[in-house]
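Heads up, the thing below is written out as structure tokens.
First the proteins, then the strands, lettered A, B, ... as listed; each starts at 1. On a predicted model such as this, the values are computed, not experimentally measured, just so you know.
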2 protein chains.
Amino acid sequence: MKERKRKYFHPIEVTLDVVCGKWKGVILCLLQERDFRFGELKDQLSSVTPKVLTQQLRELEEDGLIARTVYPQVPPKVVYSLTSYGKELEETLRMMEKWGRAHQKKVGENYNKEVSEAGLS
Amino acid sequence: MKERKRKYFHPIEVTLDVVCGKWKGVILCLLQERDFRFGELKDQLSSVTPKVLTQQLRELEEDGLIARTVYPQVPPKVVYSLTSYGKELEETLRMMEKWGRAHQKKVGENYNKEVSEAGLS
DNA sequence: CTGTATCCGGGCCGATACTG
DNA sequence: CAGTATCGGCCCGGATACAG
């Protein structure tokens, strides 16, 4: 569904490759709290369409971050949860959350757009 | 150059929005070590084209993560360095690096593709 | 050395409708 | 309830050439 690079030049590319999807960060943060059903996730991410949500979830699953548990009943019930690999991201996610909260107002404001000029080297 | 979302539903989106570019993670990791000139970055990221490298750097600059210092001389010399905001990402980047190194072999291998079925809820 | 300018293909993501 | 199917726009990122 999503082709991963075979070769990475730097380990951080692995993490970013896996976490950089429109909704993946929030999904992973939510799943740190507790397990979620498909519909619950859809409610939390109010503007996501079912197709895209499914895509994001499938990719996270393929990359081993989350698990999908199907309860065979009618109507169907599907629960998403973190795997141990996903849980190991918890600290990282928390730090990203913290940084984001701290700098939310700064991002994209061009607050340092003045050109800095230094003397000769 | 790159439009940022006005509203974020979750703080982690801010961080991901800023860090998710093809070369941004590696660039930020490199700059943790020391300052780099444009050409040095180009050498480290062997397959990047100057246009794309410039784009990535400009966006990081707009978002306040890095600073661009021009030495007015011939031939020109431009040095990129972390701002204090960029430095605050250091711990986060290190953790992403660590997770990536640990799970590089797992990612994209579909190692848990078997369907898990649970009993009735 | 440090970039711009131009062209362009592919993939991410959304809208909408339909299904077991 | 938890998804598929289909269509399509936009923008990211690469190729290539050129510039101060």
Quiz item: Under 4.0 Å between a side-chain N/O of Gln56(B) and OP1 or OP2 of dG13(D), yes or no?
Solution: yes
Quiz item: How close or far is atom P of dC13(C) from atom CD1 of Ile27(A), stated in whole angstroms?
Solution: 11 Å
Quiz prompt | Gln55(B) or Val79(A), whichever maps to the more 5' nucleotide of DNA chain D | solution = Val79(A)
Practice problem: Just do the side chain to side chain contact (heavy atoms under 4.5 Å, CB included) check on Thr92(A) and Arg94(A) with the steps written out, would you? | Solution: CA-CA 5 Å; Thr92(A) 309; Arg94(A) 258 200 250 284; over 6 Å; no
Quiz item: What's the OH-C1' distance between Tyr80(A) and dA2(D), to the nearest Å?
Solution: 8 Å
Self-check item: Value in whole Å for how far the P atom of dT4(D) lies from NZ of Lys42(A)
Solution: 14 Å
Quiz item: What integer distance in Å separates Leu41(A):CG from dA2(D):C1'?
Solution: 12 Å
Exercise. Could you check how far CZ of Phe36(B) sits from P of dC1(C), rounded to whole Å?
Key: 16 Å
Quiz item: Does the side chain of Arg37(A) get closer than 4.0 angstrom to OP1 or OP2 of dC1(D) through an N or O atom?
Solution: no
Exercise. Rounded to the nearest angstrom, tell me the gap between atom NZ in Lys22(B) and atom P in dG10(C).
Key: 15 Å
Quiz prompt | Where at least one partner belongs to residues 9-56 of chain B, residue pairs that pass disulfide (SG to SG under 2.5 Å), sequence neighbours excluded | solution = Cys20(A)-Cys20(B)
Quiz item: Excluding sequence neighbours, so at least two apart, what forms side chain to side chain contact (heavy atoms under 4.5 Å, CB included) with Pro50(A)?
Solution: Phe38(A), Lys42(A)
Write down the protein N/O and nucleotide N/O pairs, taken from nucleotides 18-20 of chain C, whose separation is under 3.5 Å; answer none if there are no such pairs.
none

Quiz prompt | Separation of dG3(D) P from Asp43(A) CG (nearest whole Å) | solution = 14 Å
Self-check item: Listed nucleotide nearest any side-chain atom of Val78(A), set dT16(C), dG13(D), dG3(D)
Solution: dG3(D)
Quiz prompt | Pair listing, disulfide (SG to SG under 2.5 Å) test, anchored in residues 41-85 of chain A, at least two apart | solution = none
Practice problem: Note the angle between the end axes of the helix from dC1(C)-dG20(D) to dG20(C)-dC1(D), five pairs defining each, rounded to 10 degrees. | Solution: 60°
Self-check item: Pairing of Arg58(A) and Glu62(A) as salt bridge, 4.0 angstrom limit
Solution: no
Quiz prompt | Side chain to side chain, Val70(B) and Arg68(B), heavy atoms closer than 4.5 Å | solution = yes
Exercise. Give a yes-or-no answer on whether the side chains of Asp63(B) and Tyr85(B) include a donor-acceptor pair shorter than 3.5 Å.
Key: no
Measure all distances between protein nitrogen or oxygen atoms and nitrogen or oxygen atoms of nucleotides 4-8 of chain C, and list the pairs falling under 3.5 Å.
{"from": "dT4(C)", "atom 1": "OP1", "to": "Arg58(B)", "atom 2": "NH2", "distance (Å)": "2.9"}

Quiz item: Are any side-chain N or O atoms of Thr15(A) and backbone N or O atoms of Gly100(B), one a donor and one an acceptor, separated by less than 3.5 Å?
Solution: yes
Self-check item: Under 3.5 Å: donor-acceptor pair, side chain of Thr83(B), backbone of Ala67(B)
Solution: no
Practice problem: Indicate yes or no for a side-chain donor-acceptor contact from Gln56(A) to the backbone of Trp23(A) under 3.5 Å, with no hydrogens or angles considered. | Solution: yes
Quiz item: Short question: side chain of Glu13(B), backbone of Phe9(B) - any donor-acceptor pair under 3.5 Å?
Solution: yes
Self-check item: Expected output: side-chain Glu40(A) to main-chain Arg37(A) donor-acceptor under 3.5 Å
Solution: yes
Quiz item: To the nearest angstrom, how far is Leu45(A) atom CG from dG3(D) atom C1'?
Solution: 16 Å
